[in-house]
Novice: 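Structure below; questions to follow.
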Number of protein chains: 2
Amino acid sequence: MDATAEALQDAGVDLRLDRDASNCSIARTLEVVGEKWTILILREVYYGSSRFGEFERVLGCPRNLLAARLRMLVEEGILAVETYKEPGARSRPKYVITPKGMDLIPAVMGLLQWGDRYRADPEGPAMVSRHRGCGAHVDARIRCDRGHAVEPVDIESIPGPAFRLRPAE
Amino acid sequence: MDATAEALQDAGVDLRLDRDASNCSIARTLEVVGEKWTILILREVYYGSSRFGEFERVLGCPRNLLAARLRMLVEEGILAVETYKEPGARSRPKYVITPKGMDLIPAVMGLLQWGDRYRADPEGPAMVSRHRGCGAHVDARIRCDRGHAVEPVDIESIPGPAFRLRPAE
DNA sequence: ACTCTGAGTATAGGAAAGTAAACTCAGATG
DNA sequence: CATCTGAGTTTACTTTCCTATACTCAGAGT
């Protein structure tokens with residue numbers, strides 16, 4: 001156990017129950033991608049769609065929500081707007097994923113592989129992902145900085161630099 | 001490109017736009033964990049909480065929603081109900097994560113590390129995760145079955161066994 | 001019997017999110 | 001200059017979610 005954690009426990013603090021759970025990176029990420037269509041839009045961008053009409057067609061998402069989600073994703077820097085031009089038509093906007101958006105792909109892959117394992121239809125997955133370099137199947141896994149594969153049960157979560165106690169009631 | 005994919009393209013099918021996007025493991029996973037409090041409940045279980053009152057206290061989630069989410073997570077086999085007994089009190093239920101629930105941890109870690117990178121407060125993360133074995137920092141990464149680290153941009157997604165075209169309009 | 005506690009259920013009002021369909025707007029084409 | 005198209009906006013309606021409070025229920029202790 002960490003020194004900070006020990007000091008807190010000596011003071012009678014329960015790390016689980018007395019911490020400020022709103023000061024959490026998961027909660028903050030969900031503020032951005034937790035709304036209904038957001039992850040699915042990201043999935044489509046990742047699969048190669050980029051135009052408003054493409055998202056609408058393939059997702060069946062209402063246009064006003066689609067517009068709102070795209071605007072938000074652009075404001076957050078997860079997507080960026082570029083333009084495309086079909087011959088004989090004017091320039092129109094298209095949406096491309098940024099590096100910041102790409103950093104969400106491990107989370108999306110995690111959701112994908114859980115669904116593949118527990119909720120795929122009996123035939124198997126609808127889409128499969130492979131490494132462009134070697135062709136092998138890819139998946140999201142947890143690794144430690146020394147390169148070991150880490151099972152979830154072997155992860156220990158301890159207070160970090162921004163650990164805070166919950167405000168008094 | 002895959003043989004299936006080629007055959008489909010020869011038939012004038014656009015893999016991105018004409019596929020049945022509702023037949024998707026991500027969408028199906030979100031049906032289970034896409035509601036507002038679900039991932040946060042999972043986070044608390046993962047951090048060590050197990051009792052109704054603990055979830056309520058630390059999340060500040062309304063009791064009726066909490067009860068509904070817990071019931072759903074148990075029905076889905078992500079949590080299991082056990083009992084605990086404080087001295088001088090009767091047995092009460094507690095919620096523990098199952099292996100099926102543990103398999104969601106890579107996705108949760110993916111969300112966590114995105115938030116740590118882009119949305120943490122200036123001091124750093126509130127909680128840090130490390131490998132119980134070696135103490136090194138852990139994170140969610142994508143690997144291929146041959147053990148290569150895979151950047152999201154090097155992943156190729158192709159139709160799998162359950163690929164289906166979208167129903168006619 | 002009465003009370004206390006943790007784990008819920010029940011209910012009601014307001015806010016937010018989702019859905020559906022009609023409408024606008026900017027340019028390229030006929 | 002009327003029409004077509006993709007990309008939105010607007011509006012009206014429905015569903016879900018949030019907040020808050022009150023209530024129930026099963027034992028253990030007094």
Side-chain angles (χ1 to χ4, degrees), chain A residues 14 16-18 21-22 27 30-42 44-45 48-76 79-96 166-167 169, chain B residues 14 16-18 21-22 27 30-41 44-45 48-75 79-96 169:
Chain A
D14 185 317
R16 298 198 320 271
L17 300 183
D18 296 323
S22 67
L30 292 175
E31 283 167 20
V32 184
V33 299
E35 284 163 310
K36 180 150 191 174
W37 294 98
T38 312
I39 296 261
L40 298 178
I41 292 170
L42 233 41
E44 292 309 316
V45 177
S49 294
S50 63
R51 306 176 189 181
F52 190 92
E54 291 176 340
F55 299 127
E56 187 196 0
R57 172 172 172 188
V58 77
L59 290 174
C61 159
R63 313 165 71 88
N64 55 349
L65 287 187
L66 178 55
R69 297 294 175 267
L70 287 171
R71 190 182 314 122
M72 188 272 293
L73 286 167
V74 170
E75 273 167 19
E76 290 290 336
L79 300 183
V81 184
E82 297 183 356
T83 56
Y84 73 97
K85 188 170 180 334
E86 293 277 296
R90 75 179 195 282
S91 295
R92 300 182 193 281
K94 69 171 183 174
Y95 299 89
V96 298
R166 65 204 310 261
E169 341 232 299
Chain B
D14 185 317
R16 298 197 321 271
L17 300 183
D18 296 324
S22 68
L30 291 175
E31 282 167 20
V32 185
V33 300
E35 283 164 309
K36 182 148 192 168
W37 294 98
T38 312
I39 295 260
L40 298 178
I41 293 169
E44 291 309 316
V45 177
S49 293
S50 63
R51 306 176 188 181
F52 190 93
E54 291 176 340
F55 299 127
E56 186 196 1
R57 174 173 171 187
V58 78
L59 291 174
C61 160
R63 313 165 72 84
N64 51 354
L65 287 187
L66 178 55
R69 297 294 174 267
L70 287 172
R71 190 182 314 122
M72 186 273 292
L73 286 167
V74 170
E75 275 166 18
L79 299 182
V81 184
E82 297 182 355
T83 56
Y84 73 96
K85 188 171 179 333
E86 294 277 296
R90 74 179 195 281
S91 294
R92 299 181 192 280
K94 69 172 184 175
Y95 300 89
V96 298
E169 341 232 297

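On a predicted model such as this, the values are computed, not experimentally measured, just so you know. Chain letters run A, B, ... following the sequence lines, proteins first, then strands; residues in each count from 1.
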Novice: In whole Å, what is the span from the CZ atom of B/R57 to the C1' atom of C/dA7?
Specialist: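 For the pair B/R57 CZ and C/dA7 C1', the rounded distance is 16 Å.
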
Novice: Among residues 49-56 of chain B, which ones have heavy-atom contacts with DNA chain D below 4.0 Å?
Specialist: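 The answer is none.
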
Novice: Is any side-chain N or O of A/R90 under 3.5 Å from a base N or O of C/dA26, one able to act as donor and the other as acceptor?
Specialist: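 Side chain to base: pair present.
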
Novice: Considering only C/dA20, C/dA17, C/dG8, which nucleotide approaches the side chain of B/A67 most closely?
Specialist: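 Side chain of B/A67 sits closest to C/dG8.
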
Novice: Kindly indicate whether the side chain of A/I41, heavy atoms from C-beta on, has any atom under 4.5 Å from the side chain of A/L66.
Specialist: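 Yes; the side chains approach each other to less than 4.5 Å.
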
Novice: Take the protein atom CG of A/L59 and the nucleotide atom P of C/dT19, then report the distance between them rounded to whole Å.
Specialist: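 About 11 Å, once rounded to whole Å.
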
Novice: Under 4.5 Å between any side-chain heavy atoms of B/F55 and B/W37, yes or no?
Specialist: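 Heavy-atom side-chain distance check fails, nothing below 4.5 Å.
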
Novice: How many angstroms lie between CD in B/E44 and CD in B/E54, if you round to the nearest 0.5 Å?
Specialist: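 One gets 9.5 Å once the value is rounded to the nearest 0.5 Å.
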
Novice: Among residues 31-39 of chain A, which contact DNA chain C at a heavy-atom distance under 4.0 Å?
Specialist: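 A/E35, A/K36, A/W37 - these, ordered by number, are the residues of the stretch whose heavy atoms sit under 4.0 Å from the strand.
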
Novice: In Å, rounded to the nearest 0.5 Å, how long is the span from CZ of B/R92 to NZ of B/K94?
Specialist: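 Atom-to-atom, B/R92:CZ and B/K94:NZ are 14.5 Å apart.
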
Novice: When rounded to the nearest 0.5 angstrom, what is the spacing between CZ in A/R57 and CZ in A/F52?
Specialist: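 Nearest 0.5 Å value for the CZ-CZ distance: 15.0 Å.
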
Novice: Using Watson-Crick pairs (N1 to N3, plus N6-O4 or O6-N4) and G-U wobble pairs, both distances under 3.5 Å, which stems of at least 3 pairs involve DNA chain D?
Specialist: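 As far as DNA chain D goes, consecutive pairing (with distances under 3.5 Å) yields the stems C:1-30 with D:1-30.
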
Novice: Reckon B/L65 touches a base, only the sugar-phosphate, or nothing at all at heavy-atom distances under 4.0 Å?
Specialist: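 The answer is sugar-phosphate, as B/L65 gets under 4.0 Å only of primed atoms, P, OP1 or OP2.
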
Novice: By side-chain contact (heavy atoms from CB on, under 4.5 Å), which residues pair with A/P93, not counting sequence neighbours?
Specialist: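 side-chain contact (heavy atoms from CB on, under 4.5 Å) list for A/P93, sorted by chain: A/V81.
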
Novice: What distance separates B/L79 CG from B/M72 CE, expressed to the nearest 0.5 Å?
Specialist: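 Here the interatomic distance stands at 9.0 Å.
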
Novice: Given atom CG of B/L30 and atom C1' of C/dG18, what is their separation to the nearest angstrom?
Specialist: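 Going from B/L30 (CG) to C/dG18 (C1'), I get 16 Å.
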
Novice: Checking A/E82 against A/Y84 for the side-chain contact (heavy atoms from CB on, under 4.5 Å) test, could you report, in this order, the C-alpha distance in whole Å, the side-chain angles of both residues, the deciding distance, and whether it holds?
Specialist: CA-CA 7 Å; A/E82 297 183 356; A/Y84 73 97; over 6 Å; no

Novice: Pick the closest DNA chain C nucleotide for B/A68 and for A/G60 by heavy atoms, then say which residue is nearer the 5' end.
Specialist: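 It is B/A68 whose nearest nucleotide is closer to the 5' end.
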
Novice: From CG of A/N64 over to P of C/dA16, roughly how many Å is that when rounded to an integer?
Specialist: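 Answer to the nearest Å: 17 Å.
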
Novice: From OH of B/Y84 over to P of C/dT5, roughly how many Å is that when rounded to an integer?
Specialist: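 Spelled out: OH on B/Y84 to P on C/dT5 is 13 Å.
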
Novice: Rounded to the Å, how far apart are B/Y95 OH and C/dA7 P?
Specialist: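 Spelled out: OH on B/Y95 to P on C/dA7 is 8 Å.
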
Novice: Does C/dC23 have OP1 or OP2 sitting under 4.0 Å from an N or O in the side chain of A/R63?
Specialist: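 For C/dC23, OP1/OP2 do not have a side-chain N/O of A/R63 under 4.0 Å.
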
Novice: Rounded to the nearest 0.5 Å, what separation is found between the CG atom of A/L70 and the CD atom of A/E75?
Specialist: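 A/L70 atom CG to A/E75 atom CD measures 11.5 Å (nearest 0.5 Å).
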
Novice: Which whole-number value in Å describes the distance from B/R69 CZ to C/dT9 P?
Specialist: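 Result: 13 Å.
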
Novice: I'd like the 5' and 3' limits of the part of DNA chain D contacted by chain A, with heavy-atom contacts below 4.0 Å.
Specialist: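 Span of nucleotides near chain A: D/dT5 to D/dT11.
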
Novice: If you compare all heavy atoms of B/K85 against all heavy atoms of B/S91, which two are closest, and at what distance to 0.1 Å?
Specialist: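 The answer is CD-OG, 3.9 Å.
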
Novice: Which residues satisfy the side-chain contact (heavy atoms from CB on, under 4.5 Å) test with B/D14, sequence neighbours excluded?
Specialist: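 Partners of B/D14 by the side-chain contact (heavy atoms from CB on, under 4.5 Å) criterion, ordered by chain and then number, come out as B/R16, B/L17, B/D18.
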
Novice: Taking the side chain as every heavy atom from C-beta outward, state whether B/L73 and B/V45 have any pair of such atoms under 4.5 Å apart.
Specialist: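 B/L73 does not reach B/V45 side chain to side chain.
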
Novice: How long is the straight-line distance from OG1 of A/T83 back to CZ of A/R90, given to the nearest 0.5 Å?
Specialist: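 A/R90 atom CZ to A/T83 atom OG1 measures 12.0 Å (nearest 0.5 Å).
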
